[in-house]
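Remember, it's a predicted structure, so these values are computed and weren't measured experimentally. Index from 1, following the sequence.
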Amino acid sequence: MTVLFNHTIIAAHDKHDSAAFFTRIFDLPPAEAGGYFLVVRLDGGTMLQFAEPGIEFPPQHYAFLITEADFDGLYGRLRHEGVPHWADPRRKLPEQHNNNHGGRGVYFTDPSEHFLEAITQPYSS
């Protein structure tokens with residue numbers, strides 16, 4: 001059996017603000033309207049569907065694998081916009097990135113306080 005991840009819904013306080021932040025930081029095309037959602041398309045056909053559920057929700061963690069070259073751009077945008085970021089998930093190493101798993105990684109939050117992670121190498125098995 002082949003299983004591919006197709007989409008997920010990301011709860012947002014303001015779906016326009018959250019989708020715009022995501023596409024700006026990850027240097028992606030603008031989100032598209034998709035019914036109730038704002039849809040951000042990732043490589044491989046995966047979609048992030050930003051929605052405003054109208055209820056309180058806990059922050060989630062989303063990790064994204066990007067290239068080394070793309071990491072330079074993403075990290076530069078985080079710094080240019082003054083987005084708080086950390087080298088570690090416990091937020092003990094602010095304004096840094098890590099060199100874990102033979103690559104680089106960084107943690108930061110979006111406007112809805114979801115904890116995002118960008119890495120250049122997948123975690124070791």
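Nearest heavy-atom pair, Thr23 versus Ala31, reported as atom, atom and distance to 0.1 Å: CG2-N, 4.0 Å. Minimum heavy-atom separation, Glu113 to Pro59: O-CB, 3.1 Å.
Rounding to the nearest 0.5 Å places CG of Asn99 at 11.5 Å from CD of Gln121. Atoms CG and CG, on Asp72 and Asp70 in that order, are 9.0 Å from each other to the nearest 0.5 Å. One distance of note links CZ of Arg77 with NE2 of His85; it measures 13.0 Å at 0.5 Å rounding. The structure places OG1 of Thr120 at 10.0 Å from NE2 of His101, a figure rounded to the nearest 0.5 Å. Interatomic distance, Ser112 OG to Phe22 CZ, rounded to the nearest 0.5 Å: 13.0 Å. Rounded to the nearest 0.5 Å, atoms CG (Leu78) and CZ (Phe71) are 8.0 Å apart.
In terms of hydrophobic clustering, with Ile, Leu, Val, Met, Phe, Trp and Tyr side chains grouped at heavy-atom distances under 4.5 Å, Leu116 and Phe50 are assigned to a common cluster. Clustering ILVMFWY residues whenever any of their side-chain heavy atoms sit less than 4.5 angstrom apart, transitively, puts Ile10 in the very cluster that holds Leu38.
Within the 4.5 Å cutoff, no side-chain heavy atoms of Leu42 are placed close to those of Met47. Counting heavy atoms from C-beta on, the side chains of Leu74 and Ile66 come closer than 4.5 Å. Inter-residue side-chain proximity for His97 and Ile119 is flagged as unmet; no heavy-atom pair is nearer than 4.5 Å. Two residues are said to be in side-chain contact when any heavy atoms from C-beta on lie closer than 4.5 Å; Leu28 and Val40 meet this criterion. In this structure, Leu65 and Pro122 have side chains that are in contact, with non-hydrogen atoms separated by less than 4.5 Å.
Judged purely by distance below 3.5 Å, without hydrogens or angles, the side chains of Glu52 and His13 never pair a donor atom with an acceptor atom.
In Glu81, the CD atom is crowded: over 12 heavy atoms of neighbouring residues, nucleotides or ligands sit closer than 6.0 Å. For His80, the NE2 atom sits in a loose shell: 12 or fewer heavy atoms of surrounding residues, nucleotides or ligands are nearer than 6.0 Å. Taking a 6.0 Å sphere around CG of Asn6, one finds it holds more than 12 heavy atoms contributed by other residues, nucleotides or ligands.
Ring centers of His114 and Phe57: under 6.0 Å apart, within the cut-off. Between Phe64 and Phe26, the distance from one ring center to the other falls under 6.0 angstrom.
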Given the rule in the side-chain contact (heavy atoms from CB on, under 4.5 Å) test, do Ile25 and Phe108 qualify, once you have shown the distances and angles that lead to the verdict?
CA-CA 11 Å; Ile25 293 300; Phe108 55 101; 4.0 Å; yes
Assess the residue pair Asn98 and Asp88 against the criterion (side-chain contact (heavy atoms from CB on, under 4.5 Å)); give the C-alpha distance rounded to whole Å, side-chain angles, the decisive distance to 0.1 Å, and a yes or no.
CA-CA 7 Å; Asn98 65 57; Asp88 65 311; over 6 Å; no
Checking salt bridge (Lys or Arg N to Asp or Glu O under 4.0 Å) for the pair Glu95/Arg79: CA distance, chi angles, key distance, verdict?
CA-CA 8 Å; Glu95 308 305 313; Arg79 294 184 65 186; 6.0 Å; no
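Among Tyr75, Trp86, Tyr62, Phe115, the single residue meeting the ring pair (Phe, Tyr, Trp, His ring centres under 6.0 Å) criterion with Tyr107 is Phe115.
When atom types are taken as modelled, the side chain of Lys15 and the backbone of Val39 share no donor-acceptor pair closer than 3.5 angstrom.
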